[in-house]
Amino acid sequence: MSTPVSANPVMVEPKNTPVIYKILVMVSIITLIGGTLTGIMTHLNVGVTEHFYIDWFTSFISAVLVMAPIGFVMMTLMHKLVNKLLPTSSELKRNLVISVFMALIMESVMAFVTATNNIGYADCVYL
């Protein structure tokens, strides 16, 4: 025999996540990924020297300070561009396109800032 099941007709509203939790998640992601990637790039550029940690830390801080404003501007531009080029696509597809291009842009900026910080412009070859 089956027993009748009654459902609560009242809709349950999702809880809003406090802003501080969102900020903490973003800071931890930036620290983990940015710190790891700038550490690897610093190691590849200068190797393990007695100044490695200072070089890595200045590269990390420089990358974060440069990437933040560029990230805000590029995110706005990418959002407008993708919405204009893919108006009929689902929001998920548009967000995937934006995230892939933002990852490429941000990694390129991070690599440029780290290499500039560690090597500088003195080794550039002028044509």
Side-chain angles (χ1 to χ4, degrees):
M1 291 206 332
S2 64
T3 58
V5 177
S6 63
N8 188 359
V10 178
M11 296 293 286
V12 177
E13 298 210 10
K15 295 180 181 178
N16 291 334
T17 306
V19 175
I20 189 70
Y21 291 160
K22 293 178 182 180
I23 291 172
L24 288 174
V25 167
M26 288 305 298
V27 167
S28 64
I29 289 172
I30 289 169
T31 303
L32 180 67
I33 294 174
T36 302
L37 292 176
T38 55
I40 291 169
M41 288 185 261
T42 301
H43 175 66
L44 292 175
N45 285 328
V46 297
V48 178
T49 63
E50 60 187 37
H51 301 290
F52 172 77
Y53 290 110
I54 294 170
D55 292 339
W56 166 76
F57 185 71
T58 56
S59 294
F60 174 68
I61 295 299
S62 300
V64 169
L65 292 176
V66 169
M67 284 184 348
I70 290 176
F72 288 127
V73 171
M74 292 305 295
M75 186 68 175
T76 303
L77 294 175
M78 288 296 299
H79 187 70
K80 288 180 181 180
L81 180 67
V82 168
N83 283 339
K84 184 181 274 190
L85 293 176
L86 305 170
T88 58
S89 297
S90 69
E91 185 177 358
L92 175 65
K93 289 179 183 177
R94 288 193 306 257
N95 287 341
L96 286 173
V97 169
I98 291 171
S99 63
V100 166
F101 282 110
M102 284 302 297
L104 291 172
I105 291 167
M106 299 308 282
E107 293 302 321
S108 299
V109 168
M110 188 184 311
F112 176 76
V113 169
T114 302
T116 303
N117 185 44
N118 291 325
I119 298 172
Y121 294 109
D123 294 338
C124 291
V125 177
Y126 298 101
L127 298 177

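It should be emphasised that the depicted structure is a prediction, and the values quoted were computed from it without experimental measurement. These values consider heavy atoms only, across backbone and side chains, with no hydrogens, waters or symmetry-generated copies.
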Quiz prompt | Smallest separation among heavy atoms of Val46 and Thr49, with atom names | solution = O-CG2, 3.6 Å
Quiz item: For the hydrophobic clusters of this structure (ILVMFWY residues joined by side-chain heavy atoms under 4.5 Å, transitively), does one cluster hold both Met26 and Leu37?
Solution: no
Quiz item: Is the number of heavy atoms from other residues, nucleotides or ligands under 6.0 Å of Phe57 CZ greater than 12?
Solution: no
Quiz item: Which distance, rounded to the nearest 0.5 Å, do you find between the OG1 of Thr42 and the CD1 of Ile40?
Solution: 10.0 Å
Practice problem: Determine whether the side chains of Asn117 and Ser59 contain a donor N or O and an acceptor N or O closer than 3.5 Å. | Solution: yes
Quiz item: Any chain of hydrophobic side-chain contacts (each under 4.5 Å) joining Val97 to Met74?
Solution: yes
Quiz item: Looking at CG of Leu77 and CZ of Phe72, how far apart are the two atoms once the value is rounded to the nearest 0.5 Å?
Solution: 13.5 Å
Can you give me every donor-acceptor pair (side chain of residues 98-110, partner residue at least two apart or in another chain, under 3.5 Å) with its distance?
unit_1 : atom_1 : unit_2 : atom_2 : d
Ser99  : OG     : Asn95  : O      : 3.2
Ser99  : OG     : Leu96  : O      : 2.8
Ser108 : OG     : Leu104 : O      : 2.8

Quiz item: Quick one: NE2 on His79 to OG1 on Thr76, what's the gap to the nearest 0.5 Å?
Solution: 8.5 Å
Practice problem: If you link ILVMFWY side chains whenever their heavy atoms are less than 4.5 Å apart, which other residues fall into the same cluster as Ile20? By chain and number, please. | Solution: Tyr21, Leu24
Exercise. Is it possible for you to say whether Leu86 and Met78 belong to one hydrophobic cluster, with membership spreading through side-chain heavy-atom contacts below 4.5 Å?
Key: yes
Quiz item: Hey, does the side chain of Arg94 reach the backbone of Ser89 with a donor-acceptor pair shorter than 3.5 angstrom?
Solution: yes
Practice problem: Tell me whether Leu44 is reachable from Phe60 by hopping between hydrophobic residues (I, L, V, M, F, W, Y) whose side-chain heavy atoms are closer than 4.5 Å. | Solution: no
Quiz item: Do Met67 and Ile70 sit in the same hydrophobic cluster, where Ile, Leu, Val, Met, Phe, Trp and Tyr count as joined when their side-chain heavy atoms come under 4.5 Å apart?
Solution: yes
Self-check item: Closest contact, heavy atoms only, Thr38 versus Ala63
Solution: CG2-CB, 4.1 Å
Quiz item: Is there a donor-acceptor contact under 3.5 Å from the side chain of Trp56 to the main chain of Gly35?
Solution: yes
